[in-house]
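Here's the structure we're looking at; comments come further down.
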Amino acid sequence: MQIKVWKIAFCNLKGGVGKTTLSVQFARWLALHGKKVLLIDADCQGNASSTLIPESTGIEGQTFATLGIRCTKAAELFSDKCGSVIPYKTEAAIDIIPSEVADVDLVRCSFESMEASLNVASNVSKVENEYDYVIFDCPPSLGTAVAGPLLASDRLIVPVVLGGNFQESIRSIRAAVDAIRSSTPKLKLLGYVVNNLPRNSPLDEKLFENVKDWLGEDVFPTCIHNRLTTLRAGQLKKPVFGFLNKKASRELTEFFDSIMDRLGESRLGLPEVTKEEK
Ligand SMILES: Nc1ncnc2c1ncn2[C@@H]1O[C@H](COP(=O)(O)OP(=O)(O)O)[C@@H](O)[C@H]1O
Ligand SMILES: [Mg+2]
């Protein structure tokens, strides 16, 4: 029997829309439900890596090598000389192929030829069968650095924030996704997800309704509100699900279960956590 691994990219040409927050919390949610998850931090800011590897603080001069962390780094996936791929096992029961904070090797990948981006898929395929889910946290850029992860993925989630020019932003990412999909027909859009919507704001709720009218099925039916718990979880490098205030976990769980719906997988619900954070 063939075991299906879902390879899902969280991508937008913009920064600050929640790619890292949502991809990391999704990875945590899956891991808390006992799924085997590999997270690939394809962003040279290394935010997902410093979140999941607590000993790496991102301070100047500190590298995975100086911390004694030996694993394959995301930049190496772009090379045809990568050899065996060795993910790092984090305490959160998520394996990660990390990037350093300010990872110049990954920056250099943006200037590689497009052929280099194909190496990401072949290098990830060396380990993907050990996992139920491979999740890519993509960089806010175009070119080889994002083409690699997208060519290696089979599903795409696009977090968006309804700022002043969100229509232009969504149209741009749509055009980019269409262009990429013409080379990778297997990459299917799971949906746009509206993140960071201000709470208690009828005007913003109306904007969200307009986006649903505009994008139809392409947008996830639930949005994710701006919540202090989500921000705190990011700052403290913790899962949202362990916080006493359950509003953020319920909302994210609803979103993550709607991802499962779209994948044709069973819903998993709120994960159980042993330790609660205030
Ligand atoms: N739903 C949310 N509620 C509160 N803060 C959020 C939410 N989503 C993202 N953030 C915060 O917004 C900032 C940018 O999010 P991030 O996930 O790093 O975006 P990206 O990876 O797209 O650049 C981070 O400080 C994050 O903690
Ligand atoms: Mg990010």
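Whatever order the structure lists ligands and atoms in, that order sets their numbers, starting from 1. Along the sequence shown, residues carry numbers from 1.
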Amino acids contacting ligand 1, non-hydrogen cut-off under 4.0 Å: Gly15, Gly16, Val17, Gly18, Lys19, Thr20, Thr21, Asn195, Asn196, Ile224, His225, Asn226, Arg227, Thr230, Leu231
Should Glu209 and Lys206 count as an ion pair when the cut-off is N to O under 4.0 Å? no
Tell me, do Leu38 and Ile135 make a side-chain contact under 4.5 Å, heavy atoms counted? no
Suppose we only count N/O/S atoms under 2.8 Å; would Thr20 qualify as near the Mg ion (ligand 2)? yes
Would you mind listing every ring-ring contact (aromatic ring centres under 6.0 Å, His included) that reaches into residues 30-54, with sequence neighbours excluded? Trp29-His33
Regarding Arg262 and the six-membered ring of Phe220, is the cationic atom NZ or CZ under 6.0 Å from the ring centre and inside 45° of its axis? yes
Is NZ or CZ of Lys4 both nearer than 6.0 Å to the six-membered ring centre of Trp6 and within 45° of the ring axis? yes
Using side-chain heavy atoms (C-beta onward) and a distance below 4.5 Å, is Ile97 in contact with Lys73? no
